[in-house]
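Report on the structure given below.
We name chains A, B, ... by the order of the sequence lines, and we start the count at 1 in each one.
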There are 4 protein chains.
Amino acid sequence: MLNRKKPSRWQRRADARPQELLDAALAEFVERGYAATRLDAVARRAGVAKGTLYRYYENKFELFKAVVRHALVPGFDEVAQRQHEQPSGARARLVLMLTTFMERVAGSALSGIPKLVIAEAGNFPEVARFYYEEVISRARDMVAGTLREGVATGEFRAIDADYAWRIVVAPLLMSILWRHSFAAFEAEPLDLRHHLEVHLDLLFDGLAADGTDTERT
Amino acid sequence: MLNRKKPSRWQRRADARPQELLDAALAEFVERGYAATRLDAVARRAGVAKGTLYRYYENKFELFKAVVRHALVPGFDEVAQRQHEQPSGARARLVLMLTTFMERVAGSALSGIPKLVIAEAGNFPEVARFYYEEVISRARDMVAGTLREGVATGEFRAIDADYAWRIVVAPLLMSILWRHSFAAFEAEPLDLRHHLEVHLDLLFDGLAADGTDTERT
Amino acid sequence: MLNRKKPSRWQRRADARPQELLDAALAEFVERGYAATRLDAVARRAGVAKGTLYRYYENKFELFKAVVRHALVPGFDEVAQRQHEQPSGARARLVLMLTTFMERVAGSALSGIPKLVIAEAGNFPEVARFYYEEVISRARDMVAGTLREGVATGEFRAIDADYAWRIVVAPLLMSILWRHSFAAFEAEPLDLRHHLEVHLDLLFDGLAADGTDTERT
Amino acid sequence: MLNRKKPSRWQRRADARPQELLDAALAEFVERGYAATRLDAVARRAGVAKGTLYRYYENKFELFKAVVRHALVPGFDEVAQRQHEQPSGARARLVLMLTTFMERVAGSALSGIPKLVIAEAGNFPEVARFYYEEVISRARDMVAGTLREGVATGEFRAIDADYAWRIVVAPLLMSILWRHSFAAFEAEPLDLRHHLEVHLDLLFDGLAADGTDTERT
DNA sequence: AATGAATGAGCGTTCATTCAT
DNA sequence: TATGAATGAACGCTCATTCAT
């Protein structure tokens, strides 16, 4: 670090900059949370001076929003794309949806984003709202829509899709938070694939052994 | 300050003051998160001067840990107590467990604690570890234990309890985070009771309409 | 400075502080102008740490306003007081008014205030407005009122008091600005007393030699 | 940048660019004061990049001085010119002098210069000195000279020209500062022409009604 | 000559922490 | 034990200045 005679104090690379800054900022925000992230650290990580950040983002909050926005677009594109190539059937669609999300978000560095948003929701309602409107509402529509579809076709039992969608999604959220908060304290890491399998198994067929399911709460 | 001569045996325990501080701190931490909580505000809320805090807690972090520690005791006492009065059967025990948790934590001010721990886990691994060891591991043992029991008795289908327990618990976590992060943006508040009902319904009987459950992922 | 083992790091003197801070701030503001004044310097001058300023004044601007306000009250009290003990006659009152102002403001450290306000009026319209409403409007009322009175009693020629008051006051302003801006470049300092004498002489009797005053512009 | 081969003899003088820069800088300095003026804004206003400024002026201060210097030339040329066409008589010359100044400076955008210099005199004694030597001393010589002349010819009463010249000039200064600092808070703008009329009226004939002028201070 | 990306010192402000009372 | 005035390090942000292009 010290021994690396900077190739030149003036690197001009306005084109690559924004992406580098966003990467650095994502990493810092995810590592430390919004408030604890110092712009100095972001800049250092990106290899620029603090002031440089301000050429690209007006302030910390704008940078933060840019990071969130940026990190989520590809994920959603991915999900949307996959929805086209998929087989029919509500169940199959649900499986694909959850699988895609698990692969693209929960299992990647992007998982830091939901974690971050949840952590900072209290302090930055604006961010939470942004996330709610841009991300959550879409996820809700996708999942609840598929649930309703399945119910309509008789594939699924009659359930309240408005509430069930959160139940369906909850294990994904759990996996994200687990990895960010508690996985470190366990000997074995969480096997996301297996986690999803168990979830899907339970989701479709339930806990109850056959014959027990007559009795409902 | 006041000339009270007789602390006598009626004086409040030395612990009394800390309790007020902890209450105030809990409220502030939950409202604002760790970093954004100002000790000034905690002190004001507790009706003492800022310096007084330092008589009881060495610094902000120690206070934080004390708050988390303290807030969890009653919750677990409650759950442990109820476990005795409960009916037999894995399913009934699971229902009771989840219901108790929903009532005592998710639906109360205590829900701020898990929210807080998750939010700050990145910055304070120590707290996360503490929470993991004191709270999560117990919850895991209770839930996974009951699952294994149910599988053993044939009440439940054969599932991997080591993974399934998180799935079972996830909707509770979801409800907590939802209320703290996104509920504000929706017209209707989340009905915790209904949320739990739907969860239990799905949990035991699954989504699949009867006859469909042959095909597994 | 270095050799003065601070008598104790903690000087508690909340009562004296505000005045000391205002004195230091007045000096700095007057010396450097608003924008160029660094709160660090104000604090150092007052012998406190920078943060201490914020116990007393919410921000730089509030400090500035406090300084201005504080510096002007005594001056105006003085003028108001003297108005009572004075002899009758518009001319005598005008003389007293201008003399008092010259002594109490133009000739004292307070002269920094008008100078400062004028200098910063562009950047801080709020301050200018404050000064206009608190100070200038009073001065205008006093002077213009006396002019009208003199015209009414026949002591003064008929002049437009709404415009004349500024003419009457202008040499006072001039003396203030002169001392702050250009006096340093002259061998002899401006003799305020003489300046006022010449002003009063011209003001009452004009430049024109007797017999010439028939011809008016 | 563009491939212009023939600067030829029609190209603008090298000075042309500086003129645009000076105009832009004058406007900004006058609008905001020295400290608050951003070179970015100056550059943008002049239609060049920020770095370009540094081709012509070593730093902000040099630019500032150049602006002041530059802005004063035309004004003085004007006054000097008019001095030739003028009628005889000290009074007439004084009237012309003040009228010219009022029209050419106080009533124009140039009024920003004195305002600026006065405002920044504390921070930039160098500028104040420059202004004093280039502008004020000439004004003083002109006015005081005319006063002495009038006294010598018996047109004026015997007054101390060394002090009276400032009194004579003060209302002009007042009008400039008024317009820049306080005019905005009044319903009606200051009528410069009327202001000057009242000034001249008082200046030559004084306030005192005929017959009162026996009594002098 | 001109550009504008990059720099970094500097300032206003905040707040956890200290300590004389 | 309790107070709250005082501290000072730290951070977000600005902008004059530099320099590779």
TODO: Using the closest heavy atom to pick a nucleotide of DNA chain F for each, name whichever of K60(A) or K60(D) lands nearer the 5' end.
DONE: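 Between the two, 5'-proximity favours K60(A).
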
Open item on the list: Need to verify one output field. Residue with the more 5' nearest nucleotide on DNA chain F, K50(C) or R55(D)?
Closed with: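 On the 5' side of the pair lies K50(C).
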
- [ ] Kindly say whether F61(C) contributes a backbone atom to a donor-acceptor pair with the side chain of Y34(C) at under 3.5 angstrom?
- [x]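 Checked: pair present.
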
By salt bridge (charged side-chain N to carboxylate O under 4.0 Å, His left out) - contacts of [X] (at least two apart):
{"X": "K65(B)", "result": "E62(B), E126(B)"}
{"X": "R129(B)", "result": "E133(B)"}
{"X": "R45(D)", "result": "E28(D), E31(D)"}

Open item on the list: Which is more 5' along DNA chain E, the nucleotide nearest G51(D) or the one nearest E58(B)? Just name the residue.
Closed with: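 Looking at the nearest nucleotide for each, G51(D) comes out on the 5' side.
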
Which whole-number value in Å describes the distance from [X] [atom1] to [N] [atom2]?
{"X": "F61(B)", "N": "dT17(E)", "atom1": "CZ", "atom2": "P", "result": "12 Å"}
{"X": "E28(C)", "N": "dG12(E)", "atom1": "CD", "atom2": "P", "result": "11 Å"}
{"X": "Y54(B)", "N": "dC15(E)", "atom1": "OH", "atom2": "P", "result": "13 Å"}
{"X": "L63(B)", "N": "dT17(E)", "atom1": "CG", "atom2": "P", "result": "10 Å"}
{"X": "N59(B)", "N": "dA16(E)", "atom1": "CG", "atom2": "P", "result": "11 Å"}
{"X": "L53(C)", "N": "dG8(F)", "atom1": "CG", "atom2": "P", "result": "13 Å"}
{"X": "F64(D)", "N": "dT17(F)", "atom1": "CZ", "atom2": "C1'", "result": "19 Å"}

TODO: Scan residues 47-61 of chain D for pairs that pass salt bridge (charged side-chain N to carboxylate O under 4.0 Å, His left out), counting only residues two or more places apart or in two chains.
DONE: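 Applying salt bridge (charged side-chain N to carboxylate O under 4.0 Å, His left out) to every pair that reaches into residues 47-61 of chain D, excluding sequence neighbours, yields nothing.
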
Open item on the list: Could you write out DNA chain E as dot-bracket? Rules: Watson-Crick or G-U wobble, both distances under 3.5 Å, brackets [ ] for crossings, | for pairs with another strand, dot for unpaired.
Closed with: .||||||||||||||||||||

Open item on the list: side-chain contact (heavy atoms from CB on, under 4.5 Å), that's the test. Do F64(D) and E120(D) meet it? Break it down for me.
Closed with: CA-CA 11 Å; F64(D) 179 69; E120(D) 306 291 351; 4.2 Å; yes

Task: Any T52(A) side-chain N or O less than 4.0 Å from OP1/OP2 of dA5(E) - done: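 The answer is no; no side-chain N or O of T52(A) sits under 4.0 Å from OP1 or OP2.
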
Task: Heavy-atom closest contact (A36(A) atom, R32(A) atom, distance) - done: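 Closest pair (atom of A36(A), atom of R32(A), distance): CB-O, 3.3 Å.
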
- [ ] May I ask you to list the residues of residues 29-49 of chain A, by number, that have any heavy atom positioned under 4.0 Å from an atom of DNA chain F?
- [x]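 Going residue by residue through residues 29-49 of chain A, the ones with a heavy atom under 4.0 Å of DNA chain F turn out to be T37(A), R38(A), L39(A).
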
TODO: Taking only the side-chain heavy atoms of Y56(A) (C-beta and beyond), determine which of dA1(E), dT13(E), dA6(E) contains the nearest atom.
DONE: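 Between dA1(E), dT13(E), dA6(E), the one nearest the side chain of Y56(A) would be dA6(E).
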
Open item on the list: Pair L63(B), L22(B) - check side-chain contact (heavy atoms from CB on, under 4.5 Å), show working.
Closed with: CA-CA 8 Å; L63(B) 172 63; L22(B) 289 174; 4.2 Å; yes

TODO: Show your working on side-chain contact (heavy atoms from CB on, under 4.5 Å) between F130(A) and V117(A) and close with a plain yes or no.
DONE: CA-CA 10 Å; F130(A) 167 78; V117(A) 172; over 6 Å; no

